[in-house]
Amino acid sequence: MSDAIRKGKIDTLHGDINYPAFMPDATYGTVKNTSFAQLKSAGINELVTTTLHIEQKIGSEYLRDYGGIHKFTGWDRPILTDSGGFQVFSLIHRRANKQNKITDAGCSFIDPITGKYNFLSPESSQIIQHNIGSDMRVVLDEPLIESDSLSSIKRSVSRTTEWAKRSKKAFLNELGLSENDFDNPDIKRPLLVAVIQGANNMEYRKRSAMELMEIGFDIYGLGGMPLKTKKTWDLTDQGGFHKELLHFLAELIPQDKIRYALGVGTPDDLNFCVNNGWDIFDTVLPTRNARHGYLYVHKGEGDASFEHYDVLHIKSERYKFDDRPIDSQITYPGTENISRAYLRYLIKNKSAIGHQYATLHNLGFYGEIMSKLRSA
RNA sequence: GCAGGGAUGGCGGAGCGGUCAAACGCACCAGACUGUAAAUCUGGCCACGUGAGUGUACGGGGGUUCGAAUCCCUCUCCCUGCA
């Protein structure tokens with residue numbers, strides 16, 4: 001049992017990450033509606049961005065020629081790039097299109113905006129991430145949904161392992177390094193993340209983890225995310241399987257390796273995961289939900305209650321005449337003197353500044369959670 | 001004054017004899033969202049009822065018809081041509 005919260009530093013090319021840490025998703029190279037200065041004020045020190053979105057909107061070769069994403073954006077702290085695997089997966093499950101498919105070679109898909117055919121392989125994903133110039137890079141993997149069959153799980157796990165091998169090779173190749181260089185602590189390089197698959201199947205999760213550890217990576221991620229189910233990570237009311245799985249997997253990963261729960265999670269999820277040995281996280285919840293008027297507040301402050309927090313549906317009529325601050329127990333930087341009634345009006349009218357206040361609030365809340373966990 | 005056109009639910013706007021409590025938008029109400037292709041999506045939105053359903057409704061009044069928001073007459077108001 002590893003009940004103690006793990007704490008430490010991840011040494012990256014752009015400074016340390018003090019974990020446990022939450023990294024917001026800056027999908028298009030920006031955390032929507034916020035400035036970097038505001039992010040830092042909210043206690044955010046590292047970002048996640050995605051290869052496919054960056055490739056489409058900015059262009060990885062352009063970024064390479066420009067001097068990398070840090071120079072381009074001015075963000076001088078750690079950046080993690082996701083492989084694009086989840087985006088393709090999401091695209092395939094959300095938008096039926098005969099040309100959207102995954103084979104051993106890689107992922108084929110139609111860009112929903114340009115309508116153009118695209119192909120993403122483990123190698124091309126690494127090349128794009130290298131051109132972007134990120135500090136942490138993720139191998140291309142094949143996520144599944146909860147309802148996928150055992151044969152799909154088998155295929156996903158073996159394909160993810162094969163792709164991880166190819167990814168590592170491409171990763172080293174781009175850096176001009178050899179296999180042996182990977183484990184040489186004197187060589188400073190970006191960190192490489194492998195993603196464990198296996199859906200809800202313990203046996204295959206373990207197999208996936210073991211196969212990936214055999215190859216050797218810096219960070220091991222929890223992948224998969226059953227998209228189609230509710231309350232995904234806390235399934236105590238449906239058998240309690242995921243908590244068990246998260247605990248089980250954290251135990252499997254070596255102590256000196258970083259554990260990254262991709263796409264996790266709610267404040268309760270973060271508390272649970274950190275207390276069970278997971279180190280770093282990213283999710284769109286605080287930013288997307290902010291735009292939708294779903295605010296995270298301290299217990300007793302909202303209209304819906306969860307284990308460690310409340311939720312305040314700011315668009316609700318119940319806040320029309322509420323002149324109190326968003327959360328009476330704390331005000332996060334950038335949201336001073338904003339009443340619930342005013343924020344309600346702003347969000348209902350899709351105001352950009354309203355989105356900003358709400359985003360700063362939610363990120364402040366997430367920042368506070370992680371800060372407390374780090375000092376617990 | 002003459003000749004046309006029009007008045008539909010909070011607003012805009014379909015419908016032009018039955019399948020209309022009335023398309024679609026907006027506004028409004030509620031909810032969802034977990035490696036963001038989501039500033040999105042889902043449901044509700046005349047009244048009463050949990051519900052099946054019942055009752056009122058398409059400017060006012062009166063007709064025709066088994067049956068009208070839809071056809072006819074008339075009144076009120078609005079817009080467009082001509083004087």
Side-chain angles (χ1 to χ4, degrees), chain A residues 22-33 47-57 80-95 97 100 109-116 118 125 136-144 146 193-197 219 221-235 242 246 260-270 272-273 280-296 303-304 311 313 315-320 344 346-356 358-359 362 366:
Chain A
F22 172 72
M23 312 177 283
D25 289 318
T27 305
Y28 287 106
T30 167
V31 174
K32 290 176 182 170
N33 306 295
L47 303 178
V48 171
T49 190
T50 70
T51 68
L52 286 180
H53 299 262
I54 295 288
E55 178 71 337
Q56 182 199 44
K57 294 283 184 179
L80 181 147
T81 38
D82 191 14
S83 63
F86 190 82
Q87 286 71 47
V88 172
F89 162 70
S90 168
L91 204 57
I92 287 174
H93 284 279
R94 263 190 253 270
R95 305 196 182 215
N97 185 314
N100 288 347
F109 62 97
I110 298 298
D111 184 315
I113 293 171
T114 65
K116 286 184 182 169
N118 270 288
S125 175
M136 294 174 282
R137 304 173 187 177
V138 178
V139 302
L140 189 69
D141 62 333
E142 185 188 10
L144 290 180
E146 194 185 56
V193 182
V195 185
I196 299 165
Q197 293 298 341
I219 298 172
L222 170 78
M225 185 59 222
L227 270 189
K228 306 271 180 176
T229 56
K230 287 183 174 177
K231 304 295 176 199
T232 309
W233 297 106
D234 184 357
L235 294 182
H242 280 88
L246 280 157
Y260 171 22
L262 288 80
V264 174
T266 67
D268 283 347
D269 294 338
L270 294 179
F272 175 81
C273 287
I280 58 176
F281 309 88
D282 80 288
T283 173
V284 304
L285 282 179
T287 48
R288 177 191 289 163
N289 281 342
R291 274 176 265 126
H292 298 166
Y294 188 99
L295 305 177
Y296 295 96
D303 50 72
V311 161
H313 294 84
K315 286 186 289 188
S316 170
E317 193 163 29
R318 55 177 88 90
Y319 302 114
K320 189 170 184 178
R344 171 178 185 269
L346 292 174
I347 295 291
K348 277 174 68 69
N349 287 282
K350 302 184 197 297
S351 142
I353 196 69
H355 289 160
Q356 180 171 98
T359 301
N362 276 354
Y366 268 61

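Treat the numbers as computed from the prediction; the structure is a model and nothing was measured. Every chain is numbered from 1, with letters handed out A, B, ... down the list of sequences.
Side chain of A:Thr81 to backbone of A:Thr50: no donor-acceptor contact under 3.5 angstrom is found. At distances below 3.5 Å, not a single donor-acceptor pair connects side-chain atoms of A:Asp141 with backbone N or O atoms of A:Gly85. For the pair A:Asp282 (side chain) and A:Leu47 (backbone), a donor-acceptor distance under 3.5 Å is absent. In this structure, the side chain of A:Thr359 does not engage the main chain of A:Ala290 through any donor-acceptor pair within 3.5 Å. Between the side chain of A:Ser125 and the backbone N or O of A:Ser83, at least one donor-acceptor pair lies under 3.5 Å.
The distance between atom CG of A:Leu222 and atom P of B:U34, rounded to the nearest whole Å, is 15 Å. As rounded to whole Å, 15 Å separates atom P of B:A30 from atom OH of A:Tyr294. We find that CG of A:Leu270 is positioned 14 Å from C1' of B:G35, with the value rounded to whole Å. Rounded to an integer number of Å, the gap from CG of A:Leu144 to C1' of B:G35 is 14 Å. Per the geometry, OH belonging to A:Tyr366 stands 11 Å off P belonging to B:U34, to the nearest Å. Counting to the nearest Å, the P atom of B:C33 and the CG atom of A:Asp269 are 11 Å from each other. To the nearest angstrom, P of B:A30 lies 9 Å from CG of A:Asp303. When rounded to the nearest whole Å, the span between CG of A:Leu285 and P of B:A39 equals 14 Å.
Here the side chains of A:Arg291 and A:Lys350 are not in contact, with every heavy-atom distance at 4.5 Å or above. A:Arg137 is not listed as a side-chain neighbour of A:Val193, based on a closest heavy-atom distance of 4.5 Å or more. Between A:Thr287 and A:Asp25 there is no side-chain heavy-atom pair separated by less than 4.5 Å.
Among the protein residues, A:Arg344 comes within range of the sugar-phosphate backbone only, with heavy atoms under 4.0 Å from sugar or phosphate atoms but none that close to a base. Using a 4.0 Å heavy-atom distance criterion, A:Ser83 is classed as a base contact. Using a 4.0 Å heavy-atom criterion, one finds that A:Asp111 contacts the bases of the nucleic acid, with or without backbone contacts as well. Within 4.0 Å (heavy atoms only), A:Asn289 reaches at least one base atom of the nucleic acid.
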Listing time: all N or O pairs from protein to nucleotides 40-43 of chain B that are below 3.5 Å?
residue	atom	partner	partner atom	Å
B:U40	OP2	A:Lys350	NZ	3.4

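Remark: A:Thr283 is in phosphate contact with B:G35, judged by side-chain N or O atoms under 4.0 Å from OP1 or OP2. Distances shorter than 4.0 Å separate some side-chain N or O of A:Ser316 from OP1 or OP2 on B:A30. When the side-chain nitrogen and oxygen atoms of A:His313 are compared with OP1 and OP2 of B:C29, none of them lie within a distance under 4.0 Å. For B:A27, the OP1/OP2 oxygens have no side-chain nitrogen or oxygen of A:Lys348 closer than 4.0 Å. Taking side-chain N and O atoms only, A:Thr266 has no distance below 4.0 Å to OP1 or OP2 of B:U34.
B:C75 sits 13 Å from B:A3 when the P atoms are compared, rounded to a whole Å. B:G10 sits 33 Å from B:U65 when the P atoms are compared, rounded to a whole Å. Comparing B:G44 with B:G51, their P atoms sit 12 Å apart, to the nearest whole Å. Rounded to the nearest Å, the gap between the C1' atom of B:G62 and that of B:U76 is 15 Å. Distance noted for atom C1' between B:A22 and B:C45: 14 Å (whole Å). B:U64 and B:C72 have their P atoms separated by 15 Å, with the value rounded to a whole Å. For B:G63 and B:G12, the P atoms lie 31 Å apart once the distance is rounded to whole Å. The gap from the C1' atom of B:G15 to that of B:A68 amounts to 13 Å, rounded to the nearest Å.
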Task: Dot-bracket line, read 5' to 3' along RNA chain B, where crossing pairs take [ ] and | marks a partner on another strand, Watson-Crick or G-U under 3.5 Å - done: ((((((((.[[[..)..(.....]]].(((((.......))))).(((....)))...[[[[[..)....]]]]]))))))).
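The closest side-chain donor-acceptor pair between A:Asn362 and A:Tyr294, if any, does not fall under 3.5 angstrom.
Using cut-offs of 30° and 60° for the angle between ring planes, the A:Phe86 and A:Phe89 rings count as tilted. Using the six-membered ring where Trp is involved, A:Tyr366 and A:Tyr296 have ring planes that are perpendicular, over 60° apart on the 30 and 60° scheme.
Both A:Gln56 and A:Val311 lie close to RNA chain B; mapped to their nearest nucleotides by heavy-atom distance, the more 5′-ward contact belongs to A:Val311.
Nearest nucleotide to the A:Glu317 side chain, out of B:C29, B:G35, B:A39: B:C29.
Between the side chain of A:Asp141 and the base of B:G35 there is at least one donor-acceptor pair of N/O atoms closer than 3.5 Å.
Closest approach of A:Phe281 to A:Val264, counting heavy atoms only: CB-O, 3.2 Å.
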